[in-house]
Amino acid sequence: MIASEPARKRDGFTTSLGVMAATLGSAVGLGNIWKFPYLTGMNGGAAFIIIYLLCTLLVGLPVMITELIIGRTARADAVTSLQKLAPGTPWWLIGAAGVLSAFLILGFYTEVAGWVFAYIFKAARGMLSSTQPLVTSKVFGNMVSNPVECLVWQWIVLAFISVIIIAGVSKGIERMTKRLMPLLFALLLIVCVRSLTLPGAARGLTFLFKPDFSKVTGTTILTAMGLSFFKLSVGMGTMTTYGSYFREEQNIPATATKVMLADVLVSILAGLAIFPAVYAFGFEPDAGPKLLFITIPAVFTSMPFGQVFMVLFFILAAIAATGAMLSLLEVPVAFLNERLGWSRSISTILTAISLALVGSTAALSNSTLAEFKIMGKTMFDLFDFLSSNVLLPLGGLFLCLFIGWQFGFKNTVASATNHGALHNEAIVTLFFWIVRLVTPISVLIVLLNGLGIIA
Ligand code: TRP
């Protein structure tokens, strides 16, 4: 049942700064600090970054604006928003698929966040103070192959984000992200300076900025596009849900563009923090998901007061992950709360319990369930692959089709110009044609080619 206009005021972000902090808090996360560096390392460096930036401009950013428009116009959760804007049509299925994606993404994301939380304590106890690749690799290996340790940290993470979500949108999400985002920037800058001044740092810079397109394949392009979805939290309803909390006078295209630029900056900074150190200490850039967990300790160990900074760095990585997880968890919680009328606490607790079940299969992927594979992938890899490389692109594709062909030009202009108040018709018109044609066609080609369906 859809409640008619809510009698009580809907919770939402209260200031323009709060909108920025929460939205950026959603975008910035393990995607920048963990995924971006390791994918760049595995896919050959600069060429991958260039393709990723192109995908961000042509796909990630347009889908982000699309979702924010849908959410703010409908002012409802990801499923109900589509129903409100197109009653009696099947478009709401995109929202329903998004709620499912939230489970897959959180299933592995809470595990990686668990490793980050655990690392705060390992760093504090001095277990990570080494510049030897073998030593830090071993600490990481011991942790992920210990089933109890993995499960417990994942549950701690789930409990932590649940408490903030229960506190609400303005009092939980907004307040938390506004305080912590600036700290994250500052610390990242310090680590970059240290990494860049290490002897041998130049090779890392070459790797990051000198493109070699010879290794680029259809799969590389799909990976880069998947990352552009994952990075900007788009394709599954997070930005629709957050858009529904946006203020009426917020400039959506400008806010989205600022968030995108800041997010790219954080990724590049993370790359600058990691790759010079990779080369300086003799690590391999293609170490995969464990890259962050073995190189960052080495960078810190080699600087004065390194241990203190190492602890701080992992605290901040945990904060970045938290802002992102809040936005993921908010999608099913808003749906259950507004749609089924369950209280925020009950919706959150039930979601967290289901997540603990789904997520445990990812948490045990390096230990108890290491041999359990579907399509040749462990559950951890499968959740990651299915979400970024299949569900988010499909969700984004359909959301663009929704705006471009169902919602239409007039509604889009009305919403994205704040009914003419912003005088940005030219940009909005350009945006409209991009999401009507360019983005859907690009996504479709990259998706079919990357999955090997067309050559
Ligand atoms: N953008 C976040 C990161 O880079 C992850 C994230 C948050 C996300 N919400 C999302 C990814 C919604 C996909 C969809 O860490």
Side-chain angles (χ1 to χ4, degrees), residues 28-38 40-41 45 112-144 153 179-209 262 264-323:
V28 169
L30 295 172
N32 311 68
I33 301 174
W34 167 69
K35 215 173 213 259
F36 171 83
Y38 98 69
T40 302
V112 184
W115 300 340
V116 171
F117 277 52
Y119 257 50
I120 299 173
F121 296 92
K122 291 190 197 298
R125 286 163 55 201
M127 289 167 69
L128 297 166
S129 301
S130 169
T131 55
Q132 296 302 314
L134 272 179
V135 176
T136 49
S137 294
K138 198 152 174 233
V139 176
F140 181 74
N142 286 343
M143 174 179 72
V144 298
W153 280 112
R179 303 217 167 127
L180 300 172
M181 290 311 290
L183 262 176
L184 177 75
F185 266 100
L187 213 90
L188 205 50
L189 277 177
I190 298 177
V191 195
C192 278
V193 171
R194 171 69 272 203
S195 185
L196 286 169
T197 50
L198 287 167
R203 282 180 59 207
L205 291 181
T206 311
F207 181 76
L208 268 181
F209 296 118
V264 166
L265 179 67
V266 175
S267 292
I268 300 288
L269 286 178
L272 288 175
I274 290 179
F275 288 105
V278 164
Y279 286 95
F281 295 117
F283 292 97
E284 291 300 325
D286 58 356
K290 65 178 181 185
L291 185 67
L292 168 75
F293 298 95
I294 56 179
T295 50
I296 283 290
V299 186
F300 284 110
T301 305
S302 65
M303 64 192 263
F305 307 106
Q307 200 178 343
V308 177
F309 280 110
M310 200 189 310
V311 174
L312 269 179
F313 180 85
F314 282 107
I315 290 179
L316 287 158
I319 290 165
T322 302

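Small disclaimer: the values here were computed from a predicted structure and weren't measured.
Between atom CH2 of residue Trp115 and atom CG of residue Leu30 there is a gap of 10.0 Å, rounded to the nearest 0.5 Å. Expressed to the nearest 0.5 Å, how far CD1 of Ile120 lies from CG of Leu312 amounts to 9.5 Å. Atoms CD1 and OH, on Ile274 and Tyr38 in that order, are 12.5 Å from each other to the nearest 0.5 Å. Between Leu291 atom CG and Ile33 atom CD1 the span is 13.0 Å, to the nearest 0.5 Å. Taken from CZ in Phe313 to CG in Leu292, the straight-line distance is 5.5 Å, to the nearest 0.5 Å. Taken to the nearest 0.5 Å, the CD1 atom of Ile296 stands 11.0 Å off from the OG1 atom of Thr136.
Heavy atoms only, all atoms of each residue included: Arg194 and Val299 are closest at CG-CG1, 3.8 Å. The two atoms that bring Phe117 and Ala318 nearest to each other are CE1-CB, 3.5 Å, heavy atoms only. Counting all heavy atoms, side chain and backbone alike, Gly282 lies closest to Pro133 at O-CG, 4.0 Å. Ser302 and Phe281 make their closest contact through OG-CZ, 3.5 Å (heavy atoms, listed as atom of the first residue, atom of the second, distance). Between Met310 and Ala123, the shortest heavy-atom distance links the atoms SD-CB, 3.7 Å.
Ser195 contributes no side-chain N or O that, together with a main-chain N or O of Val191, makes up a donor-acceptor pair within less than 3.5 Å. Side chain of Gln307 to main chain of Ala124: a donor-acceptor pair is present (N/O by atom type, distance under 3.5 Å, no hydrogens or angles).
A ring pair (Phe, Tyr, Trp, His ring centres under 6.0 Å) with Tyr119 is found for one member of Phe293, Trp153, Trp34 and no other, namely Phe293.
Under the 30°/60° scheme for interplanar angles, the aromatic rings of Phe309 and Phe300 are found to lie parallel.
With a 4.5 Å cut-off on side-chain heavy atoms, Cys192 and Leu269 count as touching.
For Phe185, the CZ atom counts as densely surrounded, since its 6.0 Å shell holds more than 12 non-hydrogen atoms of other residues, nucleotides or ligands.
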Can Ile268 and Asn32 be said to form a side chain to side chain contact (heavy atoms under 4.5 Å, CB included), step by step?
CA-CA 8 Å; Ile268 300 288; Asn32 311 68; over 6 Å; no

Determine whether Leu128 and Thr301 satisfy the following criterion, side chain to side chain contact (heavy atoms under 4.5 Å, CB included), listing intermediate values before the conclusion.
CA-CA 8 Å; Leu128 297 166; Thr301 305; over 6 Å; no

